[in-house]
Q: 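Dumping the structure here so I can ask a few things about it.
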Amino acid sequence: MARLSLAACAVAFHLCLLASSPASARWLSDEAAPAVSAAGRGGVRTRSAYHFQPAKNWQNDPNGPMYHNGLYHFFYQYNPDGVTWGNGNLSWGHSVSLDLVNWFALDTALEPSRSFDANGCWSGSATILPDGSPVMLYTGIDARGDQVQNVAYPKNASDPLLVEWVKPEYNPVIPVPADIKRDDFRDPSTAWLGADGQWRIAVAARVHDVGGATLIYRSKDFLRWERNADPLYLAHAAGMVECPDLFPVSEPGVEVGLSASGAGARHVLKMSVMDTVQDYYVVGRYDDTADTFVPEDDGDCRSWRRLDYGHVYASKSFFDPSKNRRVLWGWANESDSLADDLVRGWSGVQTVPRKIWLDEDGKQLRQWPIEEIETLRNKRVNLLIPEVNAGGVNEIIGIVGAQADVEVMFQIPALEHADVLEPNWLLNPQSLCGEKGASVPGSVGPFGLLVMASGDMQEHTAVFFRVFRQNDKYKVLMCTDLSKSSTRDGVYKPPYGAFVDMDIEAQGGSISLRTLVDHSVVESFGGGGRTCITARVYPDHVVNGNSHLYVFNNGTGAVKVSSLDAWEMATATVNVLPDGLIAASSVSGAQAY
């Protein structure tokens, strides 16, 4: 029989007290406000069951995820006053978890309270110091409107919940430099130690007469910071880039994460680009003497690979020492209307935490939902069909379609029949997915899943593959087609798509698809996590009916189904208790000293 460690028992005891004590529960609104259920706010249609979101109000960027003293902490950009981005009141929401799946909310960790963050506590990161204590670096919008970098420490580092944070009066530790526009300097990264014993951080900026840049600052004490003469990376044409993330990776195909650089370790640099609202990454070499990074792929950062080819931005990773893995978070904002946000009472979700590692090819990251998500798998069904014929649609019966995890392995009997790939199609796979949606027949594909489907099929979201021939090779296109996802007006319904970088012929014509369906979130992983697409969907039929799941093939040739397993997913505890209260500490806020 497994035994919990003393630390884990202590953390679990704290969480039990947090969840059960009336003194520890509060509303995220006026103290005198009456109880309002999610259904009463109109949010029951689209509120997720196992994706992270606060009980109410606005959230955006993930900030400072970390594992500390047996507990996962997740901080995030949060407006405590409403469902919009806010007006100078952005704070750091804070929740804790034992498993990255079930979350308990605490009071905000950082709120605008001093001259150096009077107009908002914006994004930042957590760093675990050698003594095991955490420190936060974050962007404050000061009283003048400048973006400055600040530091915060836990008042009591031995508190498992890390409830109280202090912001020293000597902030800001990095004021806005003279060659940078006052509102283009933000998002300090997790710090790392160089061979010289100094800490480094990356900060996003737009430098006068240069363009977008990721700057490096060095410090021995988190108080005095010196800017490196050369930037880590310049993105001349991309304009302002945000939320930089630089981390080492193990050898290709090794799924173990790294917390620090080893001799000769390759690195991944990820940047969020404002003008496309997308996250891009590249594998390369980091020189910790010169503090520069050389990508292994040429071209502008907007030509790099994307972490997600759908609706994700401002992602952030952290090293999880409890399981020696690197875990990625990402923000997926709403894509209907502000009026819908106001009715729901909340806006924005996070993707499920994903384990990430370097693929065997050494060029791309693989991503997969953390294994703890599988603890929510409940009722399981198998679809025992050897193949799906041309034009075939087979329903997956026996589980709740709006809250599911589906894994399927397809096998193509005759790749040689694939349509020829036109060269210009390589330039814009998203446009190609729009031109050749799920309703457009092809030789090999489209085949895949129809999720969040109404009984009459007037509403459905298609996640599918097509295979093309290119000379003597094959290219696999993965798409999420939202054109039929909702009959409602005012909903953003684009096509999403990318080519899956794999040799399907070497795999015997087989390709896998895993799709997590969680009401308004459809998160898909193609080719073992080589290509990921997250979408937000708002079907109207869920108000009065159930959603259905199907496997389909709209190609002219049959597609074999080697395996298909689907699970109904249980509802996680995500910041909301059964009675509608949100768990929170009775002690509030960050203080200054």
Side-chain angles (χ1 to χ4, degrees), residues 59-69 71-78 80 90-96 105-142 147-175 185-193 199-204 217 219-225 242-247 259 314 316-320 327 329 585 587-593:
Q59 73 159 337
N60 55 296
D61 304 5
N63 294 151
M66 65 178 175
Y67 182 81
H68 179 257
N69 285 348
L71 197 60
Y72 293 101
H73 291 257
F74 186 68
F75 303 86
Y76 55 96
Q77 289 285 275
Y78 176 64
L90 276 184
S91 304
W92 277 36
H94 182 195
S95 294
V96 291
L106 304 175
D107 283 312
T108 51
L110 301 174
E111 296 178 344
S113 62
R114 313 296 295 178
S115 61
F116 48 77
D117 63 10
N119 288 300
C121 299
W122 282 22
S123 292
S125 302
T127 300
I128 304 297
L129 300 176
D131 65 1
S133 62
V135 57
M136 294 294 191
L137 283 162
Y138 71 99
T139 298
I141 312 302
D142 71 11
Q147 295 181 358
V148 298
Q149 314 315 314
N150 302 317
V151 66
Y153 296 92
K155 185 175 183 180
N156 178 10
S158 63
D159 171 18
L161 301 180
L162 298 176
V163 171
E164 294 185 88
W165 292 80
V166 292
K167 300 184 288 189
E169 292 286 0
Y170 56 68
N171 277 314
V173 292
I174 310 178
F185 182 56
R186 54 184 175 271
D187 307 336
S189 72
T190 297
W192 67 94
L193 273 172
W199 291 98
R200 274 97 164 142
I201 59 170
V203 184
Y217 283 82
S219 175
K220 292 181 179 180
D221 54 11
F222 279 80
L223 171 59
R224 290 167 287 272
W225 292 89
E242 304 182 288
C243 306
D245 197 1
L246 177 72
F247 56 87
S259 62
K316 182 175 291 294
S317 73
F318 77 102
F319 175 70
D320 176 7
V327 176
W329 288 91
S585 160
V587 186
S588 65
Q591 302 174 357
Y593 65 85

Q: side-chain contact (heavy atoms from CB on, under 4.5 Å) between Tyr78 and Leu90: does it pass, once the steps are laid out?
A: CA-CA 6 Å; Tyr78 176 64; Leu90 276 184; over 6 Å; no

Q: To the nearest 0.5 Å, what is the distance between CZ on Arg114 and CG on Asn171?
A: 10.0 Å

Q: Please give me the minimum heavy-atom distance between Ala204 and Cys243, naming the atom from each residue.
A: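 Closest pair (atom of Ala204, atom of Cys243, distance): CB-N, 4.3 Å.
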
Q: Looking at Ser317, is its backbone amide N or carbonyl O close enough to the side chain of Asp245 to form a donor-acceptor pair, meaning the two atoms are under 3.5 Å apart?
A: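 Yes, because the side chain of Asp245 sits within donor-acceptor range (under 3.5 Å) of the backbone of Ser317.
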
Q: Can you find a pair of side-chain heavy atoms, one from Trp92 and one from Thr108, that are under 4.5 Å apart?
A: no

Q: Would you give the length of the straight line joining atom SG of Cys121 to atom CD1 of Ile141, rounded to the nearest 0.5 angstrom?
A: 9.0 Å

Q: Considering only heavy atoms from C-beta outward, does the side chain of Leu129 approach that of Trp199 to under 4.5 Å?
A: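 The answer is yes; the side chains approach within 4.5 Å.
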
Q: Sort out for me which residue in Arg186, Gln149, Gln147 forms a side chain to side chain donor-acceptor pair (under 3.5 Å) with Thr139.
A: Gln149

Q: Taking atom types as modelled, is there a side-chain donor on His94 or His73 under 3.5 Å from an acceptor on the other?
A: yes

Q: Tell me, with the steps shown, if Tyr170 and Val151 meet side-chain contact (heavy atoms from CB on, under 4.5 Å).
A: CA-CA 9 Å; Tyr170 56 68; Val151 66; 3.8 Å; yes

Q: Taking C-beta and beyond as the side chain, do Ser189 and Leu246 meet within less than 4.5 Å on heavy atoms?
A: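 Heavy-atom side-chain distance check fails, nothing below 4.5 Å.
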
Q: Compute whether any side-chain donor of one residue and acceptor of the other, for Asp221 and Ser219, lie under 3.5 angstrom apart.
A: yes

Q: To check you understand the geometry: which heavy-atom pair defines the closest contact between Pro154 and Leu162, and what is its length?
A: CB-CD2, 3.8 Å

Q: Write down the atom of Tyr138, the atom of Ala152, and the distance for their closest heavy-atom approach.
A: CE2-CB, 4.3 Å

Q: List for me each residue that meets ring pair (Phe, Tyr, Trp, His ring centres under 6.0 Å) alongside Tyr72, sequence neighbours excluded, and say none if there are none.
A: Tyr67

Q: Got a donor-acceptor contact below 3.5 angstrom from the Asp142 side chain to the Ala118 backbone?
A: no

Q: Given side-chain contact (heavy atoms from CB on, under 4.5 Å), test Asn60 with Tyr76 step by step and report yes or no.
A: CA-CA 7 Å; Asn60 55 296; Tyr76 55 96; over 6 Å; no

Q: Does a side-chain heavy-atom distance below 4.5 Å link Gln77 with Asn63?
A: yes

Q: Could you tell me which residues satisfy ring pair (Phe, Tyr, Trp, His ring centres under 6.0 Å) with Trp329, sequence neighbours excluded, listed by chain and number?
A: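 Applying ring pair (Phe, Tyr, Trp, His ring centres under 6.0 Å) to Trp329 gives Phe74, Trp103.
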
Q: Is any side-chain heavy atom of Leu161 closer than 4.5 Å to a side-chain heavy atom of Leu106?
A: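 When only atoms from C-beta onward are counted, Leu106 and Leu161 do touch, with a gap below 4.5 Å.
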
Q: Within a strict 4.5 Å, meaning less than it, do heavy atoms of the Thr127 and Trp192 side chains meet?
A: no

Q: Contact between Phe247 and Ser259 at the side-chain level, heavy atoms closer than 4.5 Å - yes or no?
A: no

Q: Restricting to non-hydrogen atoms, name the atom on Lys316 and the atom on Ser125 that form the minimum distance, rounded to 0.1 Å.
A: NZ-OG, 2.8 Å

Q: Can you name the nearest heavy-atom pair linking Ser123 to Asp187, along with the distance?
A: CB-OD1, 3.3 Å

Q: Can you pull the salt bridge (charged side-chain N to carboxylate O under 4.0 Å, His left out) pairs that have at least one residue in residues 117-131, sequence neighbours excluded?
A: Asp117-Lys167

Q: State, with a plain yes or no, whether a side-chain heavy atom of Trp165 is found less than 4.5 Å away from one of Leu110.
A: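 Yes; the side chains approach each other to less than 4.5 Å.
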
Q: Apply side-chain contact (heavy atoms from CB on, under 4.5 Å) to residues Val203 and Phe185 and explain how you reach the verdict.
A: CA-CA 7 Å; Val203 184; Phe185 182 56; 3.6 Å; yes

Q: When you check the side-chain N and O atoms of Asn156 and Glu164, is any donor under 3.5 Å from an acceptor?
A: no

Q: Please find the pair of heavy atoms, one from Pro134 and one from His68, that lie closest to each other, and give the distance.
A: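 Of all heavy-atom pairs spanning Pro134 and His68, the closest is CD-NE2, 3.6 Å.
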
Q: Please work out whether the ring planes of Trp225 and Phe222 are parallel, tilted or perpendicular, with thresholds of 30° and 60°.
A: perpendicular

